[in-house]
Amino acid sequence: MIKITFPDGSVREYKEGINSLEIAEQISPRLAKEVYSATVNNETWDLTRPISTDATLKLNKWDDAEGKHAFWHSSAHLMAEALESLYPGMKFGIGPAIENGFYYDVDPGDGRVITEADLQPIEDKMKELASKNLTFTRKDVSKNEALTFFSKKGDEYKTELISELTDGTITLYTQGNFTDLCKGPHLPSTEPMKAIKLLSVAGAYWRGDEKHKMLTRIYGITFPKQKLLDEYLVFLEEAKKRDHRRIGKELELFTFSPNVGMGLPLWMPKGSDLRQNLINFLTGLLRKRGYKFVTTPHIGNVNLYKTSGHFEKYGADSFQPISTPQEGEQFMLKPMNCPHHCEIYNATPHSYKEMPIRMAEFGTVYRYEQSGELHGLTRVRSFTQDDAHIFCRQDQLSNEFKSIIDLILYVFRIMNFNDFSAQISLRDPNNKEKYIGSDENWERAEHDIIEAAAEKNLATTVVLGEAAFYGPKLDFMVKDAIGRKWQLGTIQVDYNLPDRFDLNYNGSDNQKHRPVMLHRTIFGSLERFIAVLIENTSGKFPLWLAPEKAVILPISEKFNDYARKVLEILNNSDICTLIDDRDEKIGKKIRDNELKRIPYLLIIGEKEIEKGTIAVRKQGEGDKGSMKIEEFVSFINSEIKKELAF
RNA sequence: GCCAGAGUAGCUCAGAGGUAGAGCACUUCCUUGGUAAGGAAGGGGUCGUGGGUUCAAUUCCCACCUCCGGCUCCA
């Protein structure tokens, strides 16, 4: 007998060699139907894999990440089987489960192309196969056996993967007529895959390397119930409505014109007001925290970026330098603000007593992004960073770093970005030539970041190879409407640029010392931040940010004169207000202005004129009753204060 | 940059080798109204751009531009 310990701490005895599925069946037949994988001694296993020693056991259902993972991973194999039967000779790359569904990278071979029009037949084939209730079986084989199997099949991608595996045994999984190299775990059978949807096709380089061949990636998702699939498809539809590109156009916030150039956003009046509201908000916060604002030009001599290392690293992939007509001097569009800020630092001598120096700028930078990369406002070629550089002494670094974390969390809280993630981005230890500076400086900087994040009890993930070329980063990411993560705030520790720009301060010992530099943004760029903000709010901005706070709706044209008087009072009170004096019925005006997401609709008719009031209607909530105009002014001001009070 | 798809009115989209359509928006008129669409009439399109095939191309073919989904990249 073996002892199985369950997550609640209870222990039961079973005969040796029992599997997780049998255990689930003994607990309840219904549980056995709903369970997809097992976590045995902290390893995820197939349900049908026998357990031969005492173990801890967690049964993973749909709501467990491990359960979904097995479900979708098995779905990828099912899709592969369908593909193999419809496209004989197709070669297979990798086919993992992902956050929402799964994909498989395939090489259709000899000029065959798979397009979205081909997805339906593949999906139908998957449904047909799934309903056959095919069982997944696991088999351990030697490396040689595996190589023989896949080279006979002509699956060169699989043999490439296998030849790099060092394990003595390799596992293969088979369902129906399809066998794949795979670590598992898988579902016992295809039976639970009731609802299947293939979503898109895309190109993907083999092994993520652009020098390799481009394979065809097919994305799909499956569910144990049709209802869940339907809900997911509704979610995708709803998410499309929150797309910042769509709302930006609808609300006339920004636009793009091919005549200006791709990736170069044009901010319309309302979008500009929104930006300005964000800038004013952050400026206030930064001034309170001792930041000083600077302003620097949009171009800089190419030598400046040679000094910083940006030219060597990105010069070839940047907008190329422009030159002066007479002297041929070369200037680059500013890709970063830091070199300019270093020059401002160096313009005056510094004493240890004035540190830290916190230098801020809403600096517009220009970067050549590959055409295929551009994406609405989240990836553009011209954007304004809420940039700052903090020059400090080593003994001040930790506190400075932590107070920036606090500031970012504070701003995210006000913006209601509760679902963010924090990532520590370190150097790739196997690729050190990608970075500048000494090992010693890197180790110091990485240590500083890890320690500061830990002291703030910040939940972080560590990713190697994501550092900037001059230093490691702590990045804050927020998701867009469909769950794509975008980096907004970032804090970077930099020992390298101070060396390159020969930055100094005079210490208490009257000797020259090297300051440490922190690069940091909170919004990241105004463009990307606004994009994420739009998708998180559906364009229903909080009152303090809304470019237009209220719109006056006269019941009929008879009341337009009074309405215009109210308009003047409100605008003079700094409440940006519009008037809708069209010849339309009130219901129509309400509908149109609700759709414009204006926070307050102010209705004016006979009654209001008599009493000198306005009828207030809050966007999305309806009638709030009447109040005097002055009352409304102080009401709006107090609402804004509440939104910003933390 | 690479793979795949798309581009028709201001917006959302239908259409077809033979004179270009709908809804919303816009203009004018009627209507003067009380909390999410009142009625009527009207204007508006080199069908992304340039080539080619054809008696005829917005439709078929080629190239380019832009956009969308990914990949790679992201100071």
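Lettering of chains follows the sequences in order, A, B, ..., and the numbering in each one begins at 1.
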Residues passing the ring pair (Phe, Tyr, Trp, His ring centres under 6.0 Å) test with A:His519, sequence neighbours excluded, are A:His389, A:Tyr470
Tell me the interatomic distance from A:His212, atom NE2, to B:C73, atom C1', rounded to whole angstroms.
17 Å
C1' spacing across the pair B:A20 / B:C13, given as an integer number of angstrom:
14 Å
Between A:Gln320 and A:Ser318: side-chain donor-acceptor atoms closer than 3.5 Å:
no
Using the P atom in both, what is the distance from B:G39 to B:C24, to the nearest Å?
9 Å
Determine the Euclidean distance between corresponding C1' atoms of B:C65 and B:A22; express it in Å to zero decimal places.
29 Å
Roughly how far apart, to the nearest Å, are B:U12 and B:U54 at atom P?
38 Å
In Å and rounded to the nearest 0.5 Å, what is the NE2 to CH2 distance from A:His212 to A:Trp206?
9.0 Å
Distance check needed: B:C73 P versus A:Glu369 CD, whole Å only.
13 Å
Where RNA chain B forms stems, i.e. three or more consecutive Watson-Crick or G-U pairs with both distances under 3.5 Å
B:1-3 with B:69-71, B:5-7 with B:65-67, B:10-13 with B:21-24, B:26-30 with B:38-42, B:48-52 with B:60-64
Could you check whether A:Trp486 and A:Asp480, counting side-chain N and O atoms only, form a donor-acceptor pair closer than 3.5 Å?
yes
Could I get a table of every N or O pair under 3.5 Å where one atom is in the protein and the other is in nucleotides 8-13 of chain B?
none

Could you check whether A:Asp105 and A:Tyr205, counting side-chain N and O atoms only, form a donor-acceptor pair closer than 3.5 Å?
no
Distance in angstrom units between A:Tyr368 OH and B:G1 C1', rounded:
7 Å
Between A:Tyr305 and A:His340, what is the ring plane arrangement, given parallel below 30°, perpendicular above 60°, and tilted in between?
tilted
I need the CD-C1' distance between A:Glu527 and B:C74, as an integer number of Å.
15 Å
Determine the Euclidean distance between corresponding C1' atoms of B:A9 and B:G23; express it in Å to zero decimal places.
12 Å
Quick check: closest heavy atoms across A:Met90 and A:Leu83, and the distance to 0.1 Å?
SD-CB, 3.6 Å
Can you say whether the rings of A:Phe523 and A:Phe529 are parallel (under 30°), tilted (30 to 60°) or perpendicular (over 60°)?
tilted
Once side-chain hydrogen bond (donor to acceptor under 3.5 Å, both in side chains) is applied, what residue pairs with a partner in residues 245-260 of chain A remain, sequence neighbours excluded?
A:Asp243-A:Arg245, A:Glu250-A:Arg597
Between A:Arg582 and A:Asp592, does at least one N-O distance fall below 4.0 Å, as a salt bridge requires?
yes
If I take atom CZ in residue A:Arg520 and atom C1' in nucleotide B:A75, what distance separates them, rounded to the nearest angstrom?
16 Å
In whole Å, what separates the C1' atom of B:G48 from that of B:C67?
10 Å
Whole-Å distance, A:Leu251 CG to B:A25 C1', equals 15 Å
To the nearest angstrom, how far is A:Lys485 atom NZ from B:C74 atom P?
18 Å
B:C74 base / A:Arg379 side chain donor-acceptor hit below 3.5 Å
yes
Sugar-phosphate, base or nothing in reach of A:Val113, heavy atoms under 4.0 Å
sugar-phosphate
Got more than 12 heavy atoms from elsewhere within 6.0 Å of NZ, A:Lys313?
yes
For A:Leu503 and A:Cys342, what are the C-alpha separation, side-chain angles and deciding distance, and is it a side-chain contact (heavy atoms from CB on, under 4.5 Å)?
CA-CA 7 Å; A:Leu503 308 183; A:Cys342 287; 4.0 Å; yes
Span that lies between the P atom of B:C62 and that of B:G5, in whole angstrom:
11 Å
We want to know whether A:Asn337 and A:Gln385 form a side-chain donor-acceptor pair, criterion being a heavy-atom distance below 3.5 angstrom.
yes
pi-stack flag for A:Tyr314 and B:A75, centroid dist under 5.5 Å, interplanar under 30°
yes
For atom CG of A:Asp118 and atom C1' of B:G5, their distance in whole Å:
12 Å
Less than 3.5 Å apart, any donor N or O on the side chain of A:Thr296 or A:Glu361 sitting next to an acceptor on the other?
yes
Nucleotides 62-71 of chain B: protein proximity per nucleotide (B base, S sugar-phosphate only, - neither; heavy atom, under 4.0 Å):
----SSSBBB
Going 5' to 3' through nucleotides 32-48 of chain B and flagging B where a protein heavy-atom sits under 4.0 Å of the base, S where only the sugar-phosphate is that close, and - otherwise, we get BBBBBBB----------
Which atom names give the shortest non-hydrogen contact between A:Lys213 and A:Tyr157, and what distance separates them?
CD-OH, 3.6 Å
Would you measure the distance from the C1' atom in B:C47 across to the matching atom in B:C60 and give it in whole Å?
15 Å
